[in-house]
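We name chains A, B, ... by the order of the sequence lines, and we start the count at 1 in each one. In what follows, every heavy atom counts, from backbone to side chain, and hydrogens, waters and symmetry copies are set aside.
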2 protein chains.
Amino acid sequence: MSVSGAGLGERKIIELITGLQDRMRGNPLPFGEDVAAVRLGKGRLGVLKCDMLVGATDVPSGMSLWQASRKAVVSSVSDFAAKGVRPKVILASLGLPKGLGEDEIRQIGSGLNAAAKEYGAHIIGGDTNEAEGLTIDICVFGICREKILVRRDTARDGDVVAVTGPFGLASLGLKIVKEGLEAPQDLRVRALDAVYMPKARLVEGVTLASNRLLTSSIDSSDGLAWSLYELARASSVGFEIDRLPVDGDLERFALENGIDHVDLTLYGGEEYELVVTLSPRMFGRAMRRIPLIPIGRVTGDVGRIVLRVDGRVLDVEPKGYEHLK
Amino acid sequence: MSVSGAGLGERKIIELITGLQDRMRGNPLPFGEDVAAVRLGKGRLGVLKCDMLVGATDVPSGMSLWQASRKAVVSSVSDFAAKGVRPKVILASLGLPKGLGEDEIRQIGSGLNAAAKEYGAHIIGGDTNEAEGLTIDICVFGICREKILVRRDTARDGDVVAVTGPFGLASLGLKIVKEGLEAPQDLRVRALDAVYMPKARLVEGVTLASNRLLTSSIDSSDGLAWSLYELARASSVGFEIDRLPVDGDLERFALENGIDHVDLTLYGGEEYELVVTLSPRMFGRAMRRIPLIPIGRVTGDVGRIVLRVDGRVLDVEPKGYEHLK
């Protein structure tokens with residue numbers, strides 16, 4: 001296990017590793033989707049997702065072990081939400097540093113259970129190991145009808161693009177935690193809640209998908225800009241964004257304090273909103289069920305994402321959070 | 001994430017965590033089985049297993065990244081083998097230290113693919129993260145008929161207990177790697193192969209289970225003694241062992257060099273044989289399909305494991321490999 005000099009980023013690593021895997025014939029979803037799936041027969045899919053939380057990079061200071069364990073589950077469930085699939089059972093593989101006491105272990109156990117319960121699932125197994133730093137790998141399994149699963153490669157030119165809520169609060173929260181940024185009490189509480197108690201948009205995703213209202217969907221854990229690029233790449237489309245889904249209080253605070261709110265909204269990570277596309281004629285119907293923020297439209301300008309707000313026109317950059325960079 | 005003084009062992013941690021989980025109604029398998037399962041309807045089970053390989057504890061020196069990645073898959077598949085279930089798809093969650101180069105990543109990718117192929121499965125997804133040390137969490141999914149899955153709580157007084165192969169080579173191999181023990185070339189090669197290239201007994205487990213020949217089964221990754229204790233506890237039985245399944249060359253070598261071969265055979269870890277029970281009238285039928293080594297019989301002396309070999313009678317101790325101790 002020698003470690004050579006120049007490191008590869010997460011995305012290059014994923015490309016190398018997936019490129020080496022034999023493809024399963026008839027596999028319903030390609031590598032790179034939010035979840036993996038296997039056909040169960042009679043139009044049903046078994047849906048699987050693993051997501052590893054690593055203490056050193058994914059647990060900001062001030063987050064309790066209870067919250068970290070809950071967040072590990074939320075991250076995987078968020079991918080299920082994006083596809084419109086309910087999680088059913090969960091396995092938790094733990095890598096634990098030596099010396100944790102009973103209270104710490106109880107926090108982990110009850111954090112996992114609370115998160116599973118929050119999303120209607122059960123922890124039914126796992127694995128426990130010794131590791132240098134806290135590591136929680138969550139594997140979620142669920143079952144759905146194949147035709148309701150919302151893919152990321154099916155956005156269509158002319159569709160509306162929308163999100164399930166405003167962006168930027170988690171980024172602001174991380175600035176508060178990491179850089180000691182001061183913010184008004186109300187905004188501070190909401191920003192820290194976004195960091196410590198993220199919510200997966202499961203009800204939203206399942207409702208929109210089961211009513212066949214979406215043409216494509218993705219979660220936003222690597223940031224809004226990155227999610228749009230992933231959708232654009234998978235679907236061979238572009239986007240014209242004419243409304244920045246920024247939280248109102250956050251925008252005011254940013255303007256008053258010389259913080260770039262466009263940056264906070266587009267390029268933050270640790271966001272758990274869904275980014276979806278739907279045909280314009282479905283938009284009203286969707287809004288009657290789930291409040292969505294329309295942010296623009298799908299274009300045929302493949303791979304290009306243009307932002308037109310406040311009279312400015314700028315190209316959104318394909319950047320977002322990336323491990324190992 | 002403060003770390004208190006006294007550390008808890010893996011088994012106490014598992015007890016605490018599983019004790020905090022809400023139970024799923026109608027869950028076909030209890031916590032503590034080799035795998036977890038969920039009913040798919042029509043008598044079928046979806047079977048799941050996660051197993052985390054941690055570089056610092058599970059990758060002995062001299063093991064390549066290709067071998068470590070392969071071993072991560074083998075460990076999970078071994079649990080499927082014990083239950084008689086074929087793995088179908090695999091997800092791989094990776095925690096990678098910074099600075100790995102393209103060759104190292106290729107080793108990981110092709111090690112995963114080779115192992116999946118070896119057992120008739122496909123890698124269909126995963127997750128990539130930055131971690132302090134190499135971490136590979138493998139999650140395997142498969143489908144089986146509920147009635148063929150072999151549990152660990154169903155051994156019966158009077159059954160034969162048998163194993164799929166001799167024990168001790170992996171322990172000897174670890175002594176060679178870690179302590180610089182010298183051994184004759186042939187034995188050395190086989191011992192190192194047991195360490196670096198472990199094999200899951202999938203054909204054996206699936207053949208025995210699909211022919212309904214077993215009453216119970218468990219894999220032996222924490223050692224033979226520990227597996228017997230787990231079987232005994234789950235099934236409320238005891239065991240009388242009258243034959244030590246020790247490799248012949250290893251026994252001779254141990255005797256000549258003052259090494260305790262009973263210890264090597266009973267209390268080593270990293271073994272991948274299956275420990276099974278079956279009714280005496282099924283034994284011949286099983287042997288015509290899969291070579292088994294009978295090592296004794298199931299007794300009604302709950303929780304007691306007695307070894308009677310070479311005129312000696314001794315109690316086998318409930319010990320085996322344990323993380324975080």
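In this structure, CD on E15(A) lies 12.0 Å from OG1 on T128(B), to the nearest 0.5 angstrom. Remark: E102(A) CD to K12(B) NZ distance equals 5.0 Å, nearest 0.5 Å.
In plain terms, the two heavy atoms of L8(B) and I105(A) that are nearest each other are CD1-CG1, 3.8 Å.
Q21(B) places no side-chain N or O within 3.5 Å of a backbone atom of I124(A) that could act as its donor or acceptor partner.
Heavy atoms closer than 4.5 Å to chain B are found in the side chain of I143(A), but not in its backbone. Only the backbone of R23(A) comes within less than 4.5 Å of a heavy atom of chain B; no side-chain atom from C-beta onward does. Using a 4.5 Å cut-off between heavy atoms, I108(A) touches chain B through its side chain atoms alone. For chain B, the nearby parts of D22(A) are the backbone and the side chain; heavy atoms of each come within less than 4.5 Å. For chain B, no part of A116(A) is nearby; none of its heavy atoms comes within less than 4.5 Å. In this structure, chain A has no heavy atom under 4.5 Å from any part of A92(B).
Contact annotation: the side chain of L40(B) approaches that of L40(A) to within less than 4.5 Å [non-hydrogen atoms, C-beta and beyond]. Residues L94(B) and I17(A) meet the side-chain proximity criterion, which asks for heavy atoms closer than 4.5 Å. A heavy-atom distance below 4.5 Å is not found between the side chains of N27(B) and H122(A).
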